[in-house]
Colleague: 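Before we start, here is the structure in question, set down as C-alpha cells.
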Amino acid sequence: QYAILQKYRKNYAEAIELAEKQFSSQKLTQTGILLHRYYASFVHNKGLKIFNEWANKNPGPRTRLYLADAHRLEKDYATADSYYAALLQDSSKTISPVPVYLAYSKSKIEQNQSDSSKYYMVQAIEAIDSDIDAEIYFENIKYILTDNEYKGYLELPDIPARVDFFKRVWIKRNPMPASEVNYRIIEHVRRFAYAERNFFYDGFRLPFNNPDRLNILQFPLVFDLNDLFNDKGLVYIRHGEADDRAFAINSGPLNESWLYYARGQLNQKLIFHFWQGDTQTGQNWRMVASIPSSLAESRSNFDHLYSRLMMADPLEAISIRHQMEIASKEYVRIGMNSDQHTWKKDLRSIIFPFYLATFRQDHVSTRSEFYFSLTKNDVLHRSAKHKIDDSVTINFAVFDDNYTKLDKQLLQVPIREIVDSSAAMGYWPGQIDYISPPAARLFAINIRTPDDEGIGGYKFRFNLGGYDEDSLK
C-alpha cells in the first residue's frame, strides 16, 4: 500500500524499490503486475534521462527492459532492440520473456515491421508459463475485452485455459480468420503503441475531476480495468482513428469530439465527447455526455442534433442536450464494450461474388461447395506494382462455434491464369470443397495480392443441414 502511495506521489523510484523488496520475498502475482506498472509510470512520466540515471544505480533485468522502453519512446530503436534481444538470449531466465516479447512487438510495429511485430506478440502467448505471465499478457489485451469475456477469463482454472483464451481472443477478432496473418493483432499493437505516446495517463480518476458530474454515462466493467490511458486512449485502442474529429477554441475548457461511421460487423455510428476542465490536470481527458450550445457549430456535421442545438433557444437547448445525453449513454454502452478492426486508408479492397451450395455426401456427412470468381482488375489493378507472373494467395478456413479451426486450404493461383480466363469468358471461376457432419460452422475466405496491395474476404456463419433419410422426409 505504501508503494502505491509513493507512485501517486510520483516517487517512482521509491515505489519500485518497495515493490521489488516485497516481490523478492513473496512472489505475489499482484505485486509483480504492480512492479511493471511502476516501471512504466517512471519511464513515461520522467523520461529517458532521469530513468537512465536511476537505472545505472539499480541494474537488473526489469531495469534493462524498461530502459529499452525508454529508448523506444525516444525512437532510438537500435538501442531498444539490442536490449530486448539481449534479454531474450539471457540463459539465466532472470526475467520472463513475456513482457520482453510484448515490448519488442511494439518496437517493431513502430518501425513498420508488421510481420516481426505479430511474431513477437504470438511468441508472448506461447511463452506464458506462470500466473504472472498470464496476467502480464492480460494487461496488454484487457483494453479490448467485453464484459462477458472478462467474466469468463476470471473463471478460468489454470494457465493452459488462459493461453487458449488469449488465442481465441485474436482468432475471434481477426477480420480475415482464414489467413495465416492475423491483421487484428498487428492493428492492436499499432494502436497500443500510439496510445502510449499520445494518451498516456496514470493519475487519479476521481469524482471531483470527473466532468460528467451527474454520472450520466454508465460504463461497462472492463472500463474500470484501465490504469494507463485517458478516455481518448481507451476509445482509440478499441476503435482506432476517428473518421472525424472536432474541437472549438476560446470556448472554455479544452474539448474534442470523435465520430466513427457505421461500418463492419459492429455497423454502429459512435460519437464520443472528451473534456478537460480546471480540475483535470495533465492528460486527464474524460468523456462527457453532452456539449454546450457554443460548441455545436463545430460538430454540426456529426448529427442533426448539433445542427438543431446551434439554432435552439435556451428552453429547446435543454431538451436537445437531454436527447444528446441519451444518445451518448448508448454510444458508451456499445462502444466501450466492443472493438473493431480498421484497415489502412490506402488499402485496395477486392470485392468478389461467392455462393455456398450444400449436397449429400453420404448418410452422415454434408458436402459444401464454395464457388467464387475473380477478374483481371481484381488481381492486376492498374496501380499495382506486382506483375502478371506473380501469384494471388487464397486462404479458406472453417471453424466451429468455439473458433476451433476444423479445416484450412491454401491456393496459390498464378495471376496470368486469372487474366487469361478473364479475357476468355470475363472472369476466373474458383471452387473449394468441404465435407463434415451437419453442424453450425463459420466459413472464412480471403484473397491477397502480392505485398497485400489488395485484400478481400468474407466470413459468415452457416448451419449445415443433414441429408439423411429422416431429414429429407
Colleague: Which is it for Asn446 and Phe396 under the side-chain contact (heavy atoms from CB on, under 4.5 Å) test, yes or no, and what are the steps along the way?
Modeller: CA-CA 7 Å; Asn446 71 265; Phe396 178 83; over 6 Å; no

Colleague: Could you check if a side-chain atom of Phe138 sits within less than 4.5 angstrom of a side-chain atom of Ile136, using non-hydrogen atoms only?
Modeller: no

Colleague: Taking the ring centre of each residue, are His273 and Trp275 less than 6.0 Å apart?
Modeller: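 Between His273 and Trp275, the centre distance exceeds or equals 6.0 Å.
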
Colleague: Might you work through the side-chain contact (heavy atoms from CB on, under 4.5 Å) test for Glu74 and Lys49, ending with a clear yes or no?
Modeller: CA-CA 10 Å; Glu74 292 292 327; Lys49 182 178 179 181; over 6 Å; no

Colleague: Supply the atom-to-atom distance Asn395 CG to Gln412 CD, rounded to the nearest 0.5 angstrom.
Modeller: 8.0 Å

Colleague: For Arg299 and Asn255, which I'm curious about, is there any donor-acceptor pair between the side chains at under 3.5 Å?
Modeller: yes

Colleague: Less than 4.0 angstrom from a charged side-chain N to a carboxylate O is my criterion; do Asp81 and Lys108 meet it?
Modeller: yes

Colleague: Got a donor-acceptor contact below 3.5 angstrom from the Glu453 side chain to the Val379 backbone?
Modeller: no

Colleague: Using 0.5 Å steps for rounding, measure from the CD atom of Gln113 to the OH atom of Tyr120.
Modeller: 9.0 Å

Colleague: Test ring pair (Phe, Tyr, Trp, His ring centres under 6.0 Å) on Phe165 and Tyr153 and set out the steps.
Modeller: CA-CA 7 Å; Phe165 172 87; Tyr153 178 79; 5.3 Å; yes

Colleague: Ser117 and Arg190: side-chain donor and acceptor closer than 3.5 Å?
Modeller: no

Colleague: Using a distance-only test with no angle check, is there a side-chain donor-acceptor pair under 3.5 angstrom linking Thr29 and Asp131?
Modeller: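 Looking only at side-chain atoms, Asp131 and Thr29 do not form any donor-acceptor pair under 3.5 Å.
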
Colleague: Under a 4.0 Å threshold between the charged nitrogen and the carboxylate oxygen, would Asp451 count as salt-bridged to Lys385?
Modeller: no

Colleague: With the side chain counted from C-beta on, respond yes when Phe223 and Met287 share a heavy-atom pair under 4.5 Å apart, and no when they do not.
Modeller: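 Side-chain contact under 4.5 Å: yes.
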
Colleague: Go through the steps to decide whether Val169 and Leu145 satisfy the test side-chain contact (heavy atoms from CB on, under 4.5 Å), and finish with yes or no.
Modeller: CA-CA 8 Å; Val169 162; Leu145 298 182; 4.0 Å; yes

Colleague: Are the side chain of Asn226 and the backbone N or O of Leu228 linked by a donor-acceptor pair below 3.5 Å?
Modeller: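 Between the backbone of Leu228 and the side chain of Asn226 there is a qualifying donor-acceptor contact (under 3.5 Å).
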
Colleague: Give the intermediate values and the outcome of salt bridge (Lys or Arg N to Asp or Glu O under 4.0 Å) for residues Lys151 and Asp147.
Modeller: CA-CA 6 Å; Lys151 292 173 184 176; Asp147 275 359; 5.4 Å; no

Colleague: For Glu180, is there an ion pair with Arg448 - N to carboxylate O distance below 4.0 angstrom?
Modeller: no

Colleague: Is the gap between the ring centers of Tyr331 and Phe272 under 6.0 Å?
Modeller: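 Between Phe272 and Tyr331, which both carry aromatic rings, the centre distance is not below 6.0 Å.
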
Colleague: Centre-to-centre under 6.0 Å for Trp285 and Phe199, is that the case here?
Modeller: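 Ring-ring flag for Trp285/Phe199: false, centres at least 6.0 Å apart.
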
Colleague: Would you please classify the geometry between the Tyr260 ring and the Trp258 ring as parallel, tilted or perpendicular, with 30° and 60° separating the classes?
Modeller: perpendicular

Colleague: Would you call Asp231 and Arg205 a salt bridge, using N to O less than 4.0 angstrom?
Modeller: yes

Colleague: Does Lys75 come within less than 4.0 Å of Glu110, counting only side-chain N to carboxylate O?
Modeller: no

Colleague: Looking at OG of Ser114 and CG of Asp452, how far apart are the two atoms once the value is rounded to the nearest 0.5 Å?
Modeller: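 Reported to 0.5 Å precision, the distance equals 8.0 Å.
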
Colleague: With no hydrogens and no angle check, is any side-chain donor or acceptor of Thr146 less than 3.5 Å from a backbone partner on Glu149?
Modeller: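 Judged by distance alone, yes, a pair lies under 3.5 Å.
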
Colleague: Under 4.0 Å between a side-chain nitrogen and a carboxylate oxygen: does that hold for Glu187 and Arg191?
Modeller: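 Salt bridge: yes.
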
Colleague: Taking 4.0 angstrom as the limit, do Asp401 and Arg441 come out as a salt bridge?
Modeller: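 So Asp401 does not pair with Arg441 through a salt bridge.
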
Colleague: Lys232 side chain to Asn284 main-chain N or O, any donor-acceptor pair under 3.5 Å?
Modeller: no

Colleague: Are the aromatic ring centres of Phe229 and Tyr201 under 6.0 angstrom apart?
Modeller: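 That pair fails the under 6.0 Å test.
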
Colleague: At what distance, to the nearest 0.5 angstrom, does CG of Leu48 lie from CG of Leu67?
Modeller: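 Output value for this atom pair is 6.5 Å.
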
Colleague: Parallel, tilted or perpendicular: which one describes the rings of Phe443 and Phe462, with boundaries at 30° and 60°?
Modeller: perpendicular

Colleague: Under the side-chain hydrogen bond (donor to acceptor under 3.5 Å, both in side chains) rule, collect the residues that match up with Thr358, sequence neighbours excluded.
Modeller: Tyr467

Colleague: To the nearest 0.5 Å, tell me how far Arg72 CZ sits from Tyr104 OH.
Modeller: 13.0 Å

Colleague: Inspect the contact between Arg37 and Asp202 and indicate whether a charged nitrogen and a carboxylate oxygen are less than 4.0 angstrom apart.
Modeller: no

Colleague: Tell me, which pairs form a side-chain hydrogen bond (donor to acceptor under 3.5 Å, both in side chains) where one or both residues lie in residues 209-221, sequence neighbours left out?
Modeller: Asn209-Arg286

Colleague: Taking all atoms of both residues into account, what is the closest heavy-atom pair of Ile350 and Leu374, and its distance?
Modeller: CG2-CD2, 4.4 Å

Colleague: Would you check if the distance from the ring center of Tyr66 to the ring center of Phe42 is below 6.0 Å?
Modeller: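 Not under 6.0 Å, so no.
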
Colleague: Is there a donor-acceptor pair under 3.5 Å between the side chain of Ser328 and the backbone N or O of Met324?
Modeller: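 Yes; at least one donor-acceptor contact below 3.5 Å.
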
Colleague: Keeping Asp303 on the side-chain end and Leu305 on the backbone end, is there a donor-acceptor pair under 3.5 Å?
Modeller: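 Indeed, once roles are kept as given, a pair shorter than 3.5 Å links the two residues.
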
Colleague: Angle between ring planes, Phe192 versus His188, binned at 30° and 60°: parallel, tilted or perpendicular?
Modeller: tilted

Colleague: Taking the side chain as everything from C-beta on, heavy atoms only, tell me whether Gln265 gets closer than 4.5 Å to Lys459.
Modeller: yes

Colleague: Please confirm whether the backbone N or O of Leu225 pairs with a side-chain atom of Lys142, one donor and one acceptor, at under 3.5 Å?
Modeller: yes

Colleague: Under 3.5 Å, side chain of Asp400 to main-chain N/O of Ala440, donor-acceptor pair present?
Modeller: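 A pair under 3.5 Å: no.
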
Colleague: Got a salt bridge between Arg321 and Glu316, using NZ or NE/NH1/NH2 to carboxylate O under 4.0 Å?
Modeller: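 No, this pair does not count.
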
Colleague: Side-chain contact, heavy-atom cut-off 4.5 Å: Ser298 with Phe247?
Modeller: no

Colleague: Between Arg348 and Thr449, is any side-chain donor less than 3.5 angstrom from a side-chain acceptor?
Modeller: no

Colleague: Would you say Ser368 and Leu356 make side-chain contact, with heavy atoms under 4.5 Å?
Modeller: yes

Colleague: Would you find a donor on one side and an acceptor on the other, under 3.5 Å apart, between the side chain of Ser307 and the backbone of Ser300?
Modeller: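 Yes; at least one donor-acceptor contact below 3.5 Å.
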
Colleague: Checking side-chain contact (heavy atoms from CB on, under 4.5 Å) for the pair Leu266/Asp339: CA distance, chi angles, key distance, verdict?
Modeller: CA-CA 8 Å; Leu266 184 61; Asp339 68 285; over 6 Å; no

Colleague: Check this for me: does any side-chain nitrogen of one of Glu196 and Lys106 sit under 4.0 Å from a carboxylate oxygen of the other?
Modeller: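 Between Lys106 and Glu196 there is a salt bridge, with a charged N closer than 4.0 Å to a carboxylate O.
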
Colleague: Let me confirm one number: the CD1-CZ distance from Ile445 to Phe372, rounded to the nearest 0.5 Å.
Modeller: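 Here the interatomic distance stands at 4.5 Å.
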
Colleague: Heavy-atom distance under 4.5 Å between the side chains of Trp428 and Thr375, does that happen here?
Modeller: no

Colleague: For the rings on Phe354 and Phe370, is their centre-to-centre separation under 6.0 Å?
Modeller: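 Yes, ring centres under 6.0 Å apart.
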
Colleague: Kindly indicate whether the side chain of Asn45, heavy atoms from C-beta on, has any atom under 4.5 Å from the side chain of Lys10.
Modeller: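 No, every pair of side-chain atoms sits at 4.5 Å or beyond.
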
Colleague: Check whether His341 reaches the backbone of Asn174 with its side chain - one donor and one acceptor, N or O, closer than 3.5 Å.
Modeller: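 Such a contact is absent between His341 side chain and Asn174 backbone.
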
Colleague: For residues Phe352 and Tyr458, establish whether the separation of their ring centroids is below 6.0 Å.
Modeller: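 Yes.
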
Colleague: Is the shortest heavy-atom distance from the side chain of Asp69 to the side chain of Phe51 under 4.5 Å?
Modeller: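 No, too far: nothing below the 4.5 Å cut-off.
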
